[in-house]
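Below is one structure, written out as structure tokens; the observations come after it.
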Amino acid sequence: MNAINFGIDLGTTNSAIAVLRGVDTEIVKNNEDGDITPSAVWISRHGSLQVGRAAKDKAEIDPDNTAMEFKRHMGFAGTVKRFAGSDRGLSAEELSAEVLKSLRADVTQRLGDNVDAAVITVPAAFDLNACHATRHAAELAGLRQIPLLQEPAAAAMAHGFQSSADGVRWLVYDLGGGTFDAAVVRLRDGEFSIVTHAGDNHLGGKDIDWRIIEKLLLPALAKRHGLDVRRGDARWRATLNTLKLEAERAKIRLSRQVGTEIVADLVGPDGLRRYEFEFELRRADLERLTAPVLARTVELCRRALAEKNLGRGDIERVVLVGGPTLSPFVRDYLADPDSGLGISLDHTQDPLTVVARGAAIFAGTQRYETVSAPVVHGGFTLTLDYHPVGPDPDPLIRGSIEPADRGLSIEFGNPESRPPWHSGRLPVAADGTFATRVLAERGRLNTFQVWLSDAFGNRRQVGPDTFTYTVGAVQTEQPLIHSIGIGLADNTLLSLAPKGATLPVRCRTKLHTTTTIGPGVASGVIRIPILEGEQPRADRNRQVGCLEVRAQQVSRPLPLGSDIEFIVEIDSSRLVTARAYVPMLDEEFDQVADLESETVPTHNELADRVSEIRERLASLRSRQGQAGDPVAGMVLMRVDAAGRTETVEQRLAAARDDTDAAQGCDAMVRELHAALDEAEDALQWPELVAEARSACVEATDIVAAHGNTDDAAAMRVATLAIEEAIDTRDSRSLRQHTNDLGRLIGQVLDRAGVLQVELFHHLAARRAEMSSPPHADRLIAQGRAALDRDETAPLRSINSQLFALLPTASQAAGDPFSTVRPSY
């Protein structure tokens with residue numbers, strides 16, 4: 001019946017663990033008496049392992065055996081760091097597990113507790129794969145109960161746990177070492193909720209460090225020593241590592257100084273020659289280099305506000321989180337109404353530990369799952385169902401007594417309240433259950449005593465005989481930060497769980513297969529990609545999993561067009577399970593629904609993707625120049641103003657020897673493609689309108705000829721939606737509603753038997769492409785015979801078999817992403 005109480009901020013640069021004690025939180029200090037532990041791991045050539053400050057200090061002298069900033073790799077497959085001395089390779093999950101083990105050991109050393117349950121925070125921008133990886137890292141570290149909490153929510157809870165504010169909105173500005181989150185949080189009736197969010201998993205203090213290196217230190221090194229040191233060149237890895245540590249230290253010193261000296265002893269690529277390097281870094285230079293990073297964070301903040309039509313007047317204050325927010329320049333920039341947000345800043349709590357404190361508060365609301373209820377020999381066992389922390393001063397307490405016995409009564413008391421409070425005797429139902437309210441005081445931990453009496457008024461032994469409750473603001477629900485959907489055969493996104501949906505959530509949809517699978521179909525597979533994101537084009541979103549059903553898994557052939565019921569469930573920690581039920585087989589498939597880690601693209605793959613961006617951008621600029629479309633012009637101007645093309649080129653260059661740069665490059669390529677989609681939509685607007693109106697005319701004729709009253713009603717809704725999208729010039733909505741109308745046309749034609757006839761004629765015309773012409777001839781003959789008899793029912797099976805005879809490439813043409821489409 002205890003609460004978890006321990007909360008962990010597993011950070012990119014530093015980590016911390018806190019414990020809730022009543023209404024206060026305590027940071028558990030590490031063995032160096034520090035509040036924070038650097039997220040760094042060092043392994044010697046003999047295999048001994050160190051975590052924290054000792055490991056980070058080794059990074060300068062022994063970079064080949066030191067790993068840092070691995071949080072940015074969470075959710076990606078494979079080894080993140082191979083330690084040269086021991087030839088041991090660890091993934092981001094395994095490295096994170098070592099940090100968590102160190103924090104657990106600190107609790108044991110300081111408090112004597114063996115922590116096997118803790119709340120762990122994750123950036124709100126973390127995708128599902130990264131959340132899954134965080135959970136796995138905690139399991140590797142020996143934690144068995146691991147609720148995940150979004151970092152902005154944790155920060156808000158730390159600021160507002162005992163606050164008397166109500167009906168207010170705060171903007172949590174969380175600039176960490178490697179990630180950025182902007183979240184609008186609302187506090188109402190003692191409960192927090194995240195209203196909206198925007199973020200970037202590849203934006204943080206580390207990016208400022210690299211700008212110092214690339215814009216100032218490397219040019220100075222080239223001028224003084226003639227050294228051509230480039231990020232991404234493995235020969236200079238040690239030199240770059242030293243410069244990065246020095247840049248980080250100098251940046252911190254400039255929070256209190258106007259200038260500082262960077263002094264470094266650099267080792268050449270041969271490992272022998274050394275170079276003395278000195279550089280004076282001025283605060284003005286640091287501010288100039290920091291401003292573009294802050295501009296990007298402000299852009300994300302404004303995007304989050306605009307999503308809910310909020311302005312600066314709707315936000316009471318900005319809660320600052322993360323080490324970089326200690327900088328006076330960062331605070332001045334954000335407070336400025338022109339360059340920044342122009343909203344009052346709240347930095348009353350330590351931005352380095354506020355997330356861990358908030359996690360501990362949330363942990364106080366989470367019940368610790370014991371294996372079984374304690375047994376009281378010769379007495380009774382009490383099981384309670386209630387929230388240990390909540391906004392109500394008179395919380396509802398439900399429970400049960402075992403063994404159940406007639407005539408039992410229960411009493412609760414709070415002797416430390418003023419005046420002391422007592423419930424009086426409350427009857428226990430014959431089945432041992434009861435429910436009542438208790439009275440708690442604000443501002444402290446309330447410990448209630450429990451007494452049990454039998455039918456004769458005799459006190460009976462009961463265990464446990466106390467429980468605690470604290471009055472405080474809590475987060476009762478967590479939202480889904482990005483939409484979850486599936487990629488369809490036409491490369492469109494079918495959204496299942498929309499952004500902002502309250503977790504946990506369960507979604508179900510019906511699909512049709514676009515291929516045949518089963519025994520004898522070598523290449524047959526049902527592929528359902530699970531996507532995270534809001535972009536209408538499926539391949540612009542992040543694939544976080546894929547459910548596949550292969551030929552050898554099904555008991556008998558499954559023809560093209562077969563029904564599939566697809567179910568996705570997402571729990572409160574954003575962990576996903578997915579399964580597919582095939583009615584024709586009466587079988588369910590879920591063993592292959594796996595949120596496996598994503599693979600980091602190779603440099604060559606990234607080079608091809610960036611080249612595609614260059615070509616597409618040049619083409620769109622040319623087309624916009626000819627068409628003069630103002631919307632497309634505005635989109636292209638925004639792309640140029642944000643400097644993203646320059647940034648993606650820099651990340652590509654660094655990606656040769658920097659996995660983090662490769663991940664960041666890949667993410668920015670997706671972002672650029674999505675922006676260019678908007679420009680392309682603007683240029684294609686006349687074509688989209690013509691296509692939509694043509695579909696309306698076609699639908700009218702087909703529904704009139706083959707439809708019913710329900711079809712006519714659905715057509716009117718779709719055509720009205722199309723006209724509204726045209727009036728508002730909403731290309732995304734126009735495409736969606738045009739697709740919906742096309743599906744309606746397909747449904748009507750399929751029901752009327754026309755669709756299968758047209759498909760048969762189309763496939764018969766491609767007979768020369770098929771793998772077995774004799775088999776194709778027999779099927780085509782059967783189809784023509786069915787048509788002569790005016791029978792369309794056999795065509796569905798015949799079409800499915802003909803489709804399976806097409807070459808794999810032909811089957812996939814126009815269908816590279818998925819093998820499902822919406823059910824009619």
Side-chain angles (χ1 to χ4, degrees), residues 7 9 18 25 119-126 147-176 179-200 297-298 300-322 325 334-335 340-351 353-366 389-391 472-482 499-503 572-574:
D9 174 13
T25 54
V119 168
I120 299 180
T121 61
V122 293
F126 251 22
L148 301 184
L149 176 67
Q150 296 160 13
E151 290 172 4
M157 291 187 75
H159 277 267
F161 181 43
Q162 293 296 304
S163 172
S164 59
D166 190 51
V168 297
R169 296 185 187 92
W170 300 340
L171 174 63
V172 178
Y173 179 95
D174 185 355
L175 183 59
T179 59
F180 174 73
D181 278 320
V184 176
V185 178
R186 180 176 58 203
L187 175 58
R188 178 189 294 170
D189 298 330
E191 296 182 354
F192 285 104
S193 61
I194 294 181
V195 176
T196 182
H197 163 269
D200 189 334
T297 66
V298 170
L300 290 167
C301 290
R302 290 173 177 167
R303 181 190 301 175
L305 293 171
E307 190 173 89
K308 294 297 182 180
N309 297 315
L310 299 173
R312 64 181 59 167
D314 298 305
I315 306 299
E316 184 197 55
R317 52 177 156 154
V318 176
V319 173
L320 298 182
V321 183
T325 65
L334 295 177
L341 299 170
I343 305 171
S344 176
L345 305 180
D346 184 345
H347 39 77
T348 55
Q349 294 214 30
D350 177 10
T353 61
V354 65
V355 169
R357 293 181 186 277
I361 293 169
F362 182 74
T365 71
Q366 302 298 297
V389 179
V474 297
Q475 184 182 22
T476 56
E477 57 189 37
Q478 295 200 63
L480 191 62
I481 294 300
H482 294 294
K499 177 180 179 179
T502 299
L503 298 176
S572 57
S573 293
R574 290 192 285 173

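All values derive from a computational prediction rather than experimental measurement. Computed from heavy atoms alone, side chains included, the values below leave out hydrogens, waters and symmetry copies.
- The side chain to side chain contact (heavy atoms under 4.5 Å, CB included) check on L305 picks up V184, L310, I315, with sequence neighbours excluded.
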L341/V298 under side chain to side chain contact (heavy atoms under 4.5 Å, CB included): CA gap, chis, key distance, verdict:
CA-CA 7 Å; L341 299 170; V298 170; 4.1 Å; yes
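- Distance CG/L171 to OG/S344: 12.0 Å, rounded to 0.5 Å.
- Within the structure, side-chain hydrogen bond (donor to acceptor under 3.5 Å, both in side chains) pairs that include any residue of residues 150-159 comprise K71-E151, H159-D346 (at least two apart or interchain).
- With rounding to the nearest 0.5 Å, the separation of CD1 in I194 from OG1 in T502 is 11.0 Å.
- Applying the salt bridge (charged side-chain N to carboxylate O under 4.0 Å, His left out) test to residues at least two apart or on different chains, none of the pairs has a partner in residues 155-165.
- Sorted by first and then second residue, the side-chain hydrogen bond (donor to acceptor under 3.5 Å, both in side chains) pairs involving residues 181-199 (not counting sequence neighbours) are D181-H197, T196-E307.
- Without hydrogens or angle criteria, Q349 side chain to A158 main chain gives a donor-acceptor distance under 3.5 Å.
- Between C301 and A182, the closest heavy-atom pair is SG-CB, 3.7 Å.
- Closest of all the heavy-atom pairs between V172 and V185 is CG2-CG2, 3.9 Å.
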Show your working on side chain to side chain contact (heavy atoms under 4.5 Å, CB included) between F161 and V389 and close with a plain yes or no.
CA-CA 10 Å; F161 181 43; V389 179; 3.5 Å; yes
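- No option in V321, V319, T297 other than T297 meets the side-chain contact (heavy atoms from CB on, under 4.5 Å) test with Y173.
- With sequence neighbours excluded, no residue satisfies side-chain hydrogen bond (donor to acceptor under 3.5 Å, both in side chains) with T179.
- One finds the CZ atom of F362 at 12.5 Å from the CZ atom of F192 (value rounded to the nearest 0.5 Å).
- Listed by chain and number, the residues in a side chain to side chain contact (heavy atoms under 4.5 Å, CB included) with D200 are H202, L203, R296, L300 (sequence neighbours excluded).
- Heavy atoms only, all atoms of each residue included: K308 and V195 are closest at CE-O, 3.4 Å.
- Side-chain atoms of Q475 do not come within 3.5 Å of backbone N or O of A156 as any donor-acceptor pair.
- Shown here for A154 and A359, the closest heavy-atom pair between the two residues is CB-N, 3.9 Å.
- Here the closest heavy-atom approach between residue P479 and residue G500 is recorded as CB-O, 4.1 Å.
- With rounding to the nearest 0.5 angstrom, the CG atom of L175 is 7.5 Å from the OG1 atom of T325.
- The minimum heavy-atom distance linking T25 with A360 is given by the pair CG2-CB, 4.3 Å.
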